[in-house]
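Because the structure is a prediction, the values reported are computed rather than measured.
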Amino acid sequence: QLVESGGGSVQAGGSLRLSCAASGYTYSSNCMAWFRQVPGKEREGGAAIYRHGDFTYYADSVKGRFTISRDNTKSILNFELQMDNLEPEDTAMYYCAAGFWFGDRTEVLTDRVYKVWGQGTQVTVS
């Protein structure tokens, strides 16, 4: 199970930090990501991080403003999304996800890689 925290409301230009705690962690997952969804639109992948190594990947819409990181040192895997210079267009429900990625960069921000999802946390930028 994945549990998100850290959502909220912020003014444009501000920052928020989202956290995701993985309990009952599935050892077959090697990649974690943050997605977001606005009502009436498809879920959009924002950022992904490989569990082993330094590989990260960002959607163009968030590149340079968002930073994904992970902490492998604890018994419970945690990963975070630092969001800076937020824009009203970033308003959405944000979901963390974990899955197994086979290395194709065209797939790393698609739903089909991720089998475990959090319940979502709302981010509102005004």
A92 versus Q37, closest heavy-atom pair with distance:
CB-O, 3.5 Å
Could you give the distance from CE (M32) to OG1 (T56), rounded to the nearest 0.5 Å?
11.5 Å
Identify the heavy atoms of N30 and H52 that sit nearest to each other, and give their distance.
CB-CD2, 4.5 Å
Find out whether Q119 and V3 are in side-chain contact, i.e. whether some heavy atom of one side chain is under 4.5 Å from a heavy atom of the other.
yes
So, for G7 and V123, which heavy atoms are closest and what is the spacing to 0.1 Å?
CA-CG2, 4.2 Å
In Å, rounded to the nearest 0.5 Å, how long is the span from CZ of F79 to CG of D71?
12.0 Å
Given 3.5 Å as the limit, does a donor-acceptor pair link the side chain of E80 with the main chain of S19, or not?
no
If only side-chain N and O atoms count, and only distance matters, is there a donor-acceptor pair under 3.5 Å linking E44 with S61?
yes
Closest approach of L2 to A98 (non-hydrogen atoms, all atoms of both residues):
CD1-N, 3.7 Å
Hey, could you give me the CD/CZ distance between E107 and F102, rounded to the nearest 0.5 Å?
9.0 Å
Between the CG atom in L81 and the CZ atom in R70, the distance rounded to the nearest 0.5 Å is 14.5 Å
Would you say the ring centroid of F66 lies under 6.0 angstrom from that of W34?
no
Answer with yes or no after comparing the ring centroid distance for Y57 and W101 against a 6.0 Å cut-off, counting only values under it.
no
Give a yes or no on whether W117 and V38 share a hydrophobic cluster (residues Ile, Leu, Val, Met, Phe, Trp, Tyr; joining criterion: side-chain heavy atoms under 4.5 Å apart).
no
So does T91 get a backbone contact from the side chain of T124, meaning a donor-acceptor N/O pair under 3.5 Å?
no
Grab the two heavy atoms, one from V62 and one from G46, that are nearest each other, plus how far apart they are.
CG2-O, 3.3 Å
Distance from L109 atom CG to C31 atom SG, nearest 0.5 Å?
8.0 Å
Side chain to side chain, D90 and M83, heavy atoms closer than 4.5 Å
no
At what distance, to the nearest 0.5 angstrom, does OH of Y50 lie from CD1 of I68?
14.5 Å
Does any non-hydrogen side-chain atom of Q82 lie less than 4.5 Å from one of S15?
yes
Please report the closest heavy-atom contact between T106 and T110, naming both atoms and the distance.
O-CG2, 3.7 Å
Are side-chain heavy atoms of M93 and Y95 found at a separation under 4.5 Å?
yes
